[in-house]
Amino acid sequence: MAPNKTADVIGAGLAGLTAATALAQRGWSVRLHERESEIRAIGAGIYVWGNGLATLEALGLYDQAAVGAHVGQVLESRDHRDRVVEEIPINGPGQARVLTIMRDRLIDTLIGGAKEAGVEIRTGSEVVEAAPDGSLVLRSGETSRADAVLAADGVNSRIRRQYDVVAHRASMKQGATRLTVPRSADFVPAEDQGKYIEYFSGRRRVLYTPSSETSLYVALVADEDDRPASRIPVDTASWIRSFPHLEKLLSACAGVPGRWDTFQFHTLTRWSMGRLAFLGDSAHPQPPYLGQGGGCAMMSALGLADALSGSDAPVDQRLRDWEYAERPTVEHTQRWSYRLGQLNYVPDAARTPLLKGSGLLPALGASRMRAARTIPTGAGRFAGSAPAGS
Ligand SMILES: Cc1cc2nc3c(=O)[nH]c(=O)nc-3n(C[C@H](O)[C@H](O)[C@H](O)COP(=O)(O)OP(=O)(O)OC[C@H]3O[C@@H](n4cnc5c(N)ncnc54)[C@H](O)[C@@H]3O)c2cc1C
């Protein structure tokens with residue numbers, strides 16, 4: 001019997017955990033290296049759109065991930081006077097699917113799936129070098145060689161920085177504070193409580209996201225140089241001045257532990273070199289205006305496992321085939337999430353007429369849904385049904 005193919009996966013985020021599990025489920029021997037002493041979820045809640053949901057289903061993990069998740073019926077954008085600018089119905093027949101979930105629940109589910117599939121998870125295992133011949137070097141000095149090495153080590157990827165592969169980098173100059181507060185009937189009117197709502201005011205946005213029966217994920221988005229906006233703990237007085245109609249919600253953010261992250265965007269000249277591939281945010285980070293960075297990472301990781309397992313071609317060829325299949329959808333999504341970020345720079349008075357008058361809204365809606373409606377390679381049989389959850 002031929003020996004199993006081997007993979008070293010670098011980084012246990014959404015991309016690395018998905019790729020490792022999908023490969024192990026396809027008979028590969030997989031070692032997953034995480035530099036931290038434990039695998040941690042970063043952020044508060046997360047939107048998982050159809051492509052991410054279909055990936056979870058293909059891994060056999062959807063039911064666990066969806067326990068307690070929130071399934072909204074509409075996604076709304078509102079202007080500075082709390083008037084609805086855009087409304088996208090979701091989760092109904094023929095509509096895009098999305099659920100929102102706490103990040104630690106999603107990561108814990110993926111860790112469980114990886115263990116079940118037989119992935120060897122090594123925490124405290126920092127990779128300092130990886131090469132196109134499949135070799136890598138750990139901080140401990142240990143070396144290893146595998147049939148494939150997947151660098152899923154995040155947006156500041158050390159491994160990617162060893163190679164001259166960045167084709168284009170855009171400076172976003174925007175970021176967000178993410179935090180979780182207990183849900184409360186006081187925050188928004190009763191008819192809005194189950195919705196996903198993005199509020200605009202000047203160059204700031206507030207994202208209201210129920211993520212379980214009891215938890216509300218709040219994102220406070222602003223320019224990087226808007227010092228009061230990026231302060232931790234949250235400068236609630238400053239935020240209430242921008243969003244007086246959200247006073248109760250913003251007051252509840254006072255003193256709550258949160259995390260400020262700046263947004264990043266780059267594309268690569270290529271996603272692989274020989275047996276080494278770049279995956280997830282290492283390859284294609286995007287600002288979170290479509291809630292698709294993680295969905296694209298998971299979708300593409302599943303596609304990678306399928307490409308590596310689906311033919312007898314050499315590994316380098318399979319990795320090129322994978323990039324050819326996945327890249328158009330991922331880069332389309334990156335471009336649109338970048339464009340949506342530019343809406344922050346449009347004055348309040350001009351934003352709504354610009355969106356409505358230019359006919360941008362239908363285009364935005366359709367583009368927002370493109371990756372969400374993409375069925376990841378190997379997950380076709382799961383497409384279409386609305387998610388179940390709270
Ligand atoms: C404000 C904000 C909101 C977002 N909202 C959404 C959303 O709603 N929906 C969505 O789909 N996406 C969202 N995203 C994007 C999403 O979070 C990312 O795209 C996704 O988490 C990327 O996963 P990853 O596995 O590629 O990288 P990461 O999650 O960064 O994982 C990388 C892992 O590699 C480890 N590591 C790094 N270097 C090494 C090394 N040398 N050796 C070993 N291990 C290493 C790190 O410790 C880490 O665990 C959002 C992002 C932001 C900033």
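One-based numbering, in listed order, for ligands and for the atoms of each. Heavy atoms only: backbone and side chains are in, while hydrogens, waters and symmetry mates are out. Here the structure is a predicted model, which means the values were calculated and not measured.
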For atom 32 (C) of ligand 1, which of the options Pro288, Ser300, Pro285, Ala152 provides the nearest non-hydrogen atom?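 Checking each option, the heavy atom nearest atom 32 (C) of ligand 1 is found in Ala152.
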From the candidates Gly16, Gly11, Gly175, the one that places a heavy atom nearest atom 33 (C) of ligand 1: Gly11
Which atoms of ligand 1 are found less than 4.0 Å from any heavy atom of [X]?
X	answer
Gly154	27 (O), 30 (O), 32 (C)
Ile10	40 (C), 42 (N), 43 (C)
Gly280	26 (O)
Gln292	10 (C), 11 (O)
Glu36	47 (O)
Gly13	25 (O), 29 (O), 31 (O), 33 (C)
Arg103	4 (C), 5 (N), 6 (C), 13 (C), 14 (N), 16 (C), 17 (O), 21 (O), 50 (C)
Gly294	10 (C), 11 (O), 12 (N), 15 (C), 16 (C), 18 (C), 19 (O)

Among all the protein's non-hydrogen atoms, which is closest to [atom], and how far away is it?
atom	answer
atom 41 (N) of ligand 1	Val127 O, 2.9 Å
atom 23 (O) of ligand 1	Leu14 N, 4.0 Å
atom 26 (O) of ligand 1	Asp281 N, 2.8 Å
atom 7 (C) of ligand 1	Ile46 CG1, 3.4 Å
atom 8 (O) of ligand 1	Tyr47 N, 2.9 Å
atom 53 (C) of ligand 1	Arg178 NH2, 3.7 Å
atom 49 (O) of ligand 1	Glu34 OE1, 2.6 Å
atom 36 (N) of ligand 1	Arg35 NE, 3.8 Å

Using distance alone, decide if ligand 1 has a nitrogen or oxygen within less than 3.5 Å of any nitrogen or oxygen in Gly291.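 Yes, there is a polar N/O contact under 3.5 Å.
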If you measure every N/O of Ala297 against every N/O of ligand 1, is any gap under 3.5 Å? no
Crowding at [atom1], [X] (>12 non-hydrogen neighbours, <6.0 Å):
X	atom1	value
Gln317	CD	yes
Glu247	CD	no
Asp164	CG	no

Just by distance, do the side chain of Asp153 and the backbone of Ser157 share a donor-acceptor pair under 3.5 Å? no
Other members of the hydrophobic cluster containing Val218, with the 4.5 Å side-chain heavy-atom rule, please. Leu179, Val181, Phe187, Val188, Ile197, Tyr199, Val206, Tyr208, Leu216, Leu220, Val234, Trp239, Ile240, Phe243, Leu246, Leu249, Leu250, Val256
With sequence neighbours excluded, what pairs up with Asn344 under the side-chain contact (heavy atoms from CB on, under 4.5 Å) test? Gln174, Phe200, Arg205, Val221, Tyr289
Distance under 6.0 Å and angle within 45° of ring axis: Arg339 vs Trp336: yes
Consider only side-chain N and O atoms of [X] and [Y], and report whether a donor and an acceptor are under 3.5 Å apart.
X	Y	result
His33	Ser125	yes
Arg320	Ser272	no
Thr209	Tyr47	yes
Arg183	Thr214	no
Gln292	Asn51	yes

Is Gly52 near ligand 1, meaning one of its heavy atoms is under 4.0 Å from it? no
Closer than 4.0 angstrom: is that true for some heavy atom of Gly295 and an atom of ligand 1?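 Yes.
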Atom of Ile107, atom of Gly13 and distance for their closest heavy-atom approach: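 That closest heavy-atom pairing would be CD1-C, 4.4 Å.
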Specify the closest pair of heavy atoms between Trp271 and Glu326, including all atoms of both residues, with the distance to one decimal.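 Looking at all heavy atoms of both residues, the closest pair is CZ3-CB, 3.8 Å.
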Measure Cys296 to ligand 1 on non-hydrogen atoms and call it side chain, backbone, both or neither using the 4.0 Å cut-off.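 None of Cys296 does.
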